There are 4 protein chains.
Amino acid sequence: MLEQLKKEVYEANMELPKRGLITYTWGNVSGIDRESGLFVIKPSGVDYDKLSPEDMVVMDLDGNRVEGDLNPSSDTPTHIELYKAFKDLGGIVHTHSPWATSWAQAGRSIPCYGTTHADYFYGEIPCARSLTKEEIEEAYEKNTGLVIIEIFKDKNPVYVPGVLCTNHGPFTWGADAAEAVHNAVVLEEVAKMAYRCEHLNPEAKPAPQYLQDKHFFRKHGANAYYGQGK
Amino acid sequence: MLEQLKKEVYEANMELPKRGLITYTWGNVSGIDRESGLFVIKPSGVDYDKLSPEDMVVMDLDGNRVEGDLNPSSDTPTHIELYKAFKDLGGIVHTHSPWATSWAQAGRSIPCYGTTHADYFYGEIPCARSLTKEEIEEAYEKNTGLVIIEIFKDKNPVYVPGVLCTNHGPFTWGADAAEAVHNAVVLEEVAKMAYRCEHLNPEAKPAPQYLQDKHFFRKHGANAYYGQGK
Amino acid sequence: MLEQLKKEVYEANMELPKRGLITYTWGNVSGIDRESGLFVIKPSGVDYDKLSPEDMVVMDLDGNRVEGDLNPSSDTPTHIELYKAFKDLGGIVHTHSPWATSWAQAGRSIPCYGTTHADYFYGEIPCARSLTKEEIEEAYEKNTGLVIIEIFKDKNPVYVPGVLCTNHGPFTWGADAAEAVHNAVVLEEVAKMAYRCEHLNPEAKPAPQYLQDKHFFRKHGANAYYGQGK
Amino acid sequence: MLEQLKKEVYEANMELPKRGLITYTWGNVSGIDRESGLFVIKPSGVDYDKLSPEDMVVMDLDGNRVEGDLNPSSDTPTHIELYKAFKDLGGIVHTHSPWATSWAQAGRSIPCYGTTHADYFYGEIPCARSLTKEEIEEAYEKNTGLVIIEIFKDKNPVYVPGVLCTNHGPFTWGADAAEAVHNAVVLEEVAKMAYRCEHLNPEAKPAPQYLQDKHFFRKHGANAYYGQGK
C-alpha cells in the first residue's frame, strides 16, 4: 500500500541525520497521497539507523492508523491539521535543528536579511504564538497545528514554506517530502546567517523588498529563469 | 567478572569521541551493578583508540580496586559519592564537552528555554557551587560529588539527570551507562541552543511550566505516550 | 572544445562542496581562456553530485552560449562584467558561504584584523553598495557586476581578490578557477575570525599597515620569499 | 640523518589538518635533537597531502640548512629563537587555528576560566605585544621570537606551553613535536570555551588559584596522580 510514497518518506527521513538536522530521534517527515487522502509518517521514537521503509506508518486525516505495526510520530496530529488547512502541501517536516530552534526558543521570527532567504522564503519566517495552558492540556499536538494555521491567516504557505513554534522548533513543508526536507535545510542555513548578521550589525535591516521580489520570483512562478526549466 | 557490564561501559565510553563530546581523554563513563555493589569505570588517561573492554576497572563503593591492572579514572571518588547518594543511578558520565563546559565556566545554570530541554531535563540544569580551598585540598574529587549532592537536596536526580560544576564541566547520569551518555549528548545540544537563544533575545524567559510539564511527562512516567511503549 | 579548461572548471566547482562552502547548488565557478575570449561556467541549478565536465557551458563575453546543452549559471552576466573590467582574472567564484554571507547581509566590509587576511587580501575586503530598484529590475545580474567594478575604482583586484555584495554574498577571483576557489576558502576563514575578533574586543583595530605590508608582500610580488619559489 | 626525528616531525605536521587546526598550508611543526643542536622543520608552503618524511628540512640553530632540498618554513627564525631561549623545548608548532587566532587578532590573553585550561596551562595564556615597524622591517620572524621571549621573562614556558602573537596567531610547544601539537589542540579548545564563557557571563572571573593549582599539579610534577604514571 502506497509503497512508492513509503519509500520517498523513508528516504526523506534519512536525509535528516545525513544533513545534520537532528540528534537521535528528534525529527519526523511525512508525505501525503492527496488522491486517497492517506499520508505516510515516521514511527515514534525509532532510531534512524534501525529504520526501514516498511516501518513507515500509513494514516488517514482523521488520525486512524490504516497500516503499520508501530505508533506514528507523536506529532502526527500537527501534520494532520497542516495537511487539512494547506491543500498544496505534499510533505511536512519537524526537527529540532539547532539554529532554527534557537530562534524558536527566543520567540522571534527570522527577518529576511538576504538573497539566500529570499530564494526560498518570501518575507520573514514567522514565529507562531505560544499555546495557552488550556490548549496544551486539551490537545497539544493538534493545537500546535492550529496556531501555525492562525499565523498563516494572511500568508501563502507555498511562498513561506516553514514556521517556528515558540519554545519548541521548526516545521517546514513542500510539494513532497523531499522538498520539505530541502526547505528544512535552507531554514537552518538562513537561521544561522541571520543570527550572525545581527551580531555584525545590530542595526541590520531586512533586504529591500525589490531585491526579495527579484530573487524569489527568479526561482518561483511563471517568470522563473533559474535552473534548467521543467 | 561483570563481563557484560564491562562491555557496556566500554561501549558507552567509545560513544564520547564518536558523538564529539571529548578531546583526547577528557571524559569517563562508569556503570554499576547494584546487586554486587561493584561498578566499572574507564582507566585514567588512556587513549580512546587504544581502549578495550578488558581495560575497564572494577571498583567497590569504598574505593577499592577489585579487578584490573590500570588506575581508575581520577574522578572515581566523584562517581562513588553519586552512586551512594542517588540510588536510582546505573551509569555516570563526566566530560569537558565544549558548550556545557562554557556554561560551567560561566558559573551559570541552564534555564529551560524549550521543549528539547524539557524532553529530558525537568527544569533548569543546575550549576553546583565552587568548592572552597579546604574542600579542594582535603579531597577534591570526593567533595566534587558532595557539592553536586548538596544542590540536589530539593531535586530528583532522575528528573534532572545532569549538573554543571563551576569552572569545571558537566556530569550526567541515567539508568545505565548508555543512557548517561545519551543525556550528555542532550545536555550539549541544549547548552548550545540556550546560548544562542539568549543572544537572539536577551529578555528570553524559560518555557512556561505547563509546556515543560507536557513535554517531560509525555516521555517519562506512567502517562508517557512518546515512542513505542515498553 | 576547451576540454582542459572544462576539466579545470569542473574540478574547481567540485571543491566548493568538499570545502564546505556551499549548500545544494548555491555557488558557481567559471574560468576563462583569454586567447579565445571564451569562458566556461557551471550550468544553472544542477546538483553537484550529478555534475560532470561535459555539463560545463562555454560562453562568449557577449553572453552567447557557444557550446553546451544546459543553461549557464543565472549569475553569468556578473561573471561577464568582471572578466571584461578586470583583465587579469582567470577564474571567478560565487558562493553563499555562511560567514562571508553574514558580513554581506550586515552590509559591512571586513577589516584586516590579522596576518591570515593580509597573506591574501591587501586591506579590507569591501562590501559593494546595494543595487537600486531600477538596477535590479533592468538587469540584475549584470548590474551586480557593475557595482562591484564601481567599488574597485581605486583598488587593484589582483591585490584584493574578492568582494561582498550587500544582502547577497561573496564573489572571489584569481589567476585561474582553482585560485579563485582557494580565495573563497580564505575569505570564509577570514570572515569567521574577524567576527569572533570583534566579539572578543569591540575596540579591535585593523592590523598596523606595516604588518599588512610585510605579510602580503612576503607572499606576493617580486620580493616574495614564502614557499618554494616558481 | 635524524631519520626518527624526521618521521616524528612529519607525523606531528600531519596531525594539524587531521585535528582541524589548519587550512591549506597555514601551519608548521618542528622538533629538535638537543644533542646535535639540529632541528627538523616542515618545508615552506608545501601541501599537506603531498608531504612526506623525506621533505622535512634539517636546520642548525644558526639558521643554516644542513639537509633537504626545499626551503624551510618562513617561520624558521622564530623557532630558532624559541629553541635557543627555552632549553626544555623539544618541539614547536605554529598555526592559524581559528579560535586561538581570533584571540590573537583581538590582542587579548586568554584568562584561565576552568579546569580544561588549568590541566595544561598554568595561568593565563599570554598575548605578546605587537612588533614595531622597525622590528618588522628589520627581521620580522626573528623578532616575533624575541617578543615571545620578552613576555615569558617571568613565566616558565614548561608551565605555560603556548602564546598568542597580536594580529597573528598562536605558537605552542612541548617536550617533543607530538606534545607541541597536543598543546595546540588544547589551546584551540580552551580559546573556544573562554570566548563562549565570556558571552554567557560578561562578569566571569578566572577560576580560583587553588582550583588551578589542584588541576595543574594533579597532572604535572612530582605529585601528579592523573593517568597511569610513567
Side-chain angles (χ1 to χ4, degrees), chain C residues 15 18-21 97-99 110-120 174 178-179 181-220 223-230, chain D residues 20 22-27 43-47 50 55 57 69-76 94-111 127 130-141 143-144 164-169 191-192 194-196 198-199 202:
Chain C
E15 276 285 289
K18 192 183 146 199
R19 292 282 177 179
L21 295 187
S97 67
W99 286 105
I110 305 178
C112 179
Y113 287 124
T115 61
T116 318
H117 181 128
D119 279 337
Y120 293 89
E179 190 180 293
V181 172
H182 192 109
N183 288 332
V185 172
V186 173
L187 170 55
E188 187 67 0
E189 282 297 300
V190 161
K192 175 173 70 183
M193 296 199 295
Y195 173 101
R196 293 175 181 165
C197 168
E198 292 189 351
H199 282 72
L200 286 167
N201 182 358
E203 311 299 316
K205 293 272 178 301
Q209 190 58 45
Y210 45 84
L211 181 61
Q212 296 188 39
D213 287 352
K214 179 67 189 178
H215 268 263
F216 190 78
F217 293 110
R218 83 175 186 172
K219 289 192 80 163
H220 301 86
N223 297 315
Y225 60 91
Y226 179 93
Q228 302 299 329
K230 295 293 173 186
Chain D
I22 59 165
T23 299
Y24 294 124
T25 61
W26 305 352
S44 181
V46 175
D47 280 357
K50 293 179 185 150
D55 294 331
V57 185
D69 298 325
L70 299 166
N71 298 334
S73 165
S74 55
D75 297 311
T76 296
H94 172 54
T95 75
H96 292 212
S97 67
W99 286 104
T101 301
S102 297
W103 283 86
Q105 291 190 163
R108 291 190 55 199
S109 303
I110 306 178
C127 187
S130 299
L131 276 69
T132 64
K133 186 167 189 297
E134 291 65 35
E135 286 168 334
I136 287 176
E137 289 172 357
E138 182 225 344
Y140 172 55
E141 292 85 0
N143 287 328
T144 295
L164 306 174
C165 294
T166 297
N167 295 128
H168 186 30
K192 176 173 70 182
Y195 174 101
R196 293 176 180 165
E198 292 189 351
H199 281 73

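Chain letters run A, B, ... following the sequence lines, proteins first, then strands; residues in each count from 1. Everything numeric here is computed off the predicted structure, so don't read it as measured data.
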Correct closest heavy-atom pair for C:Leu200 and D:Glu198 would be CD2-OE1, 4.2 Å
Given D:Pro98, D:Gly107, D:Ala194, D:Gly45, the one with more heavy-atom pairs under 4.5 angstrom with chain C than any other is D:Pro98
C:Pro208 and D:Asn167 have their tightest heavy-atom pair at CD-OD1, 3.5 Å
Note to self: Run the side chain to side chain contact (heavy atoms under 4.5 Å, CB included) test on D:Leu131 and C:Leu211 for me, step by step, so that the C-alpha distance in whole Å, both residues' side-chain angles and the decisive distance to 0.1 Å come before the verdict.
What the structure shows: CA-CA 8 Å; D:Leu131 276 69; C:Leu211 181 61; over 6 Å; no
The reported gap from OH in C:Tyr210 to CD in D:Glu134 (rounded to nearest 0.5 angstrom) is 7.5 Å
Scored by heavy-atom pairs under 4.5 Å with chain D, the best of C:Lys192, C:His117, C:Lys219, C:Arg218 is C:Arg218
Nearest heavy-atom contact between D:Tyr195 and C:Arg196 is CE1-O, 3.6 Å
Nearest heavy-atom contact between C:Asn201 and D:Ala106 is ND2-O, 3.0 Å
Residues C:Met193 and D:His96: closest non-hydrogen pair is SD-O, 4.1 Å
Mark yes when over 12 heavy atoms from residues, nucleotides or ligands other than D:Asp47 sit less than 6.0 Å from its CG; otherwise mark no.
-> yes
**Study point:** D:Thr25 and C:Tyr226, any side-chain heavy atoms less than 4.5 Å apart
**Key:** yes
Closest non-hydrogen contact found for D:Tyr140 with C:Thr115 is OH-CG2, 4.1 Å
Honestly, the part of D:Trp26 sitting under 4.5 Å from a heavy atom of chain C is side chain
Okay, C:Asp213 and chain D: the region with an atom under 4.5 Å from a heavy atom over there is neither
Separation between SG (C:Cys112) and CD (D:Gln105), nearest 0.5 Å, reads 8.0 Å
Cut-off 4.5 Å, heavy atoms of chain C, and the answer for D:Pro72 is neither
